[in-house]
Amino acid sequence: APRDAAALDGLARVWRDWGFSNLGLTQAHRAIFHAPSSAAARNTLGSILLKLGLPAEARLAFESVLTLDPRAAYPWNNLCYVYLLEGRPVQAIDACREALARQPGLTAAQNNLALAYAASGDIASASREFAHAGGPGAGSYNLGIAFMAVGDYSSAGREFDRAASLTPSLKHATSRATLAWRMASQSTSPATDDAR
């Protein structure tokens, strides 16, 4: 069935998930050709374009999904993530809120919203959203990851320590805390003669 859009879309997603997004691109375009009103196929195309490092093109694909499936949460969540990659945290916050309005409890959107708050500098809201998405331990762990990303290693160490104490089953929290504290001490240690 060479014109089966659902099969072509599925094949595109398999190539994407196996790490061969370049091969999935053709299948995604073929799926859209055979089913131009398929929101799923356009979403797959957007996700492949994102994997190929083309966020602006992915954004256009996700925006087209909104016209085909206006009540869906997933295109809003995908747009939130694209806006984060583009350094547009305010738009990311708005898009994630739209996703959560359509599907309350969507964990991916909750985590993306927390990241958007962190990117905008609103750490209190980021912490609240991370905790809401996965509980206090997971929230602290994810906030620690966000602090690591911006180079605030002391805050990251505190959050990883908190995550380890709140949820001992988070096995990586302790090792991440150790790494964060080591990086914090290296960034605050006085420069040697060679480094000056």
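Keep in mind that this is a model prediction, so the values were computed, not measured.
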Can you measure from [atom1] ([X]) to [atom2] ([Y]) and round to the nearest 0.5 angstrom?
X	Y	atom1	atom2	answer
Asn78	Asn43	CG	CG	5.0 Å
Glu159	Ile145	CD	CD1	11.5 Å
Asn111	Asn77	CG	CG	9.5 Å
Leu66	Arg71	CG	CZ	13.0 Å
Ser127	Asn142	OG	CG	10.5 Å

Clusters formed by hydrophobic residues whose side-chain heavy atoms approach within less than 4.5 Å: which one holds Leu49, and what are its other members?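 Taking Ile, Leu, Val, Met, Phe, Trp and Tyr as members, Leu49 shares its hydrophobic cluster with Leu25, Ile32, Leu45, Ile48, Leu52, Leu54.
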
With clusters built from Ile, Leu, Val, Met, Phe, Trp and Tyr whose side-chain heavy atoms come within less than 4.5 Å, directly or transitively, what are the remaining members of the cluster of Leu113, listed by chain and number?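 Same cluster as Leu113: Ile93, Leu100, Leu106, Tyr117.
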
I'd like to know if the side chain of Arg42 reaches the main chain of Pro36, judged simply by a donor and an acceptor atom lying under 3.5 Å from each other, with no hydrogens or angles considered.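 Confirmed, Arg42 side chain pairs with Pro36 backbone.
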
Sort and list the pairs that fulfil disulfide bond (SG atoms under 2.5 Å apart) and have at least one residue in residues 45-116, not counting sequence neighbours.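 Every disulfide bond (SG atoms under 2.5 Å apart) pair that includes a residue of residues 45-116, provided the two are not neighbours, is Cys80-Cys96.
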
Please collect all disulfide bond (SG atoms under 2.5 Å apart) contacts where either partner lies in residues 97-169, sequence neighbours excluded, each pair once.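 Listed by first then second residue: nothing to list.
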
Arg102: which residues meet the salt bridge (Lys or Arg N to Asp or Glu O under 4.0 Å) condition with it, sequence neighbours left out?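 For Arg102, the residues satisfying salt bridge (Lys or Arg N to Asp or Glu O under 4.0 Å) (neighbours in sequence not counted) are Glu98.
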
Show me the side-chain donor-acceptor pairs of residues 161-171 shorter than 3.5 Å, one per line, residues at least two apart or across chains.
residue	atom	partner	partner atom	Å
Asp161	OD2	Trp181	NE1	2.8
Arg162	NH1	Ser140	OG	2.5
Ser165	OG	Arg162	O	2.9

Any pair with a residue in residues 81-96 that passes salt bridge (Lys or Arg N to Asp or Glu O under 4.0 Å), sequence neighbours left out, goes on the list, sorted by first then second residue, please.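 Found Arg59-Glu86, Glu86-Arg88.
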
So, using side-chain contact (heavy atoms from CB on, under 4.5 Å) as the criterion, who are the partners of Thr67 when residues are at least two apart?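 By the side-chain contact (heavy atoms from CB on, under 4.5 Å) rule, Thr67 matches no residue at all.
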
Distance-only donor-acceptor check, side chains Ser155 and Arg158, under 3.5 Å: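 The answer is yes; a qualifying pair exists.
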
Considering only distance and modelled atom types, tabulate donor-acceptor pairs under 3.5 Å from the side chains of residues 10-23, sequence neighbours left out.
residue	atom	partner	partner atom	Å
Arg13	NE	Asp9	OD2	3.2
Arg13	NH2	Asp9	OD2	3.0
Arg16	NH1	Ser47	OG	2.7

Test ring pair (Phe, Tyr, Trp, His ring centres under 6.0 Å) applied to Tyr141 - qualifying residues, sequence neighbours left out: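 Expected list: Phe160.
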
Among pairs that include at least one residue of residues 57-82, which meet ring pair (Phe, Tyr, Trp, His ring centres under 6.0 Å), considering only residues two or more places apart or in two chains?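 Every candidate ring pair (Phe, Tyr, Trp, His ring centres under 6.0 Å) pair involving residues 57-82 fails, so no pair, neighbours aside, qualifies.
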
Answer with yes or no whether the hydrophobic clustering places Leu85 together with Tyr83; edges join I, L, V, M, F, W, Y residues whose side-chain heavy atoms lie under 4.5 Å apart.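 Yes, one cluster joins them.
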
Those residues that, when tested against Asp122, pass side chain to side chain donor-acceptor pair (under 3.5 Å) (two or more places apart):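 Once residues adjacent in sequence are excluded, the partners of Asp122 under the side chain to side chain donor-acceptor pair (under 3.5 Å) criterion are Ser125.
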
Begin with the C-alpha distance, continue with both residues' side-chain angles, and end with the deciding distance and a verdict on side chain to side chain contact (heavy atoms under 4.5 Å, CB included) for Ile123 and Leu143. CA-CA 8 Å; Ile123 300 303; Leu143 192 55; 4.3 Å; yes

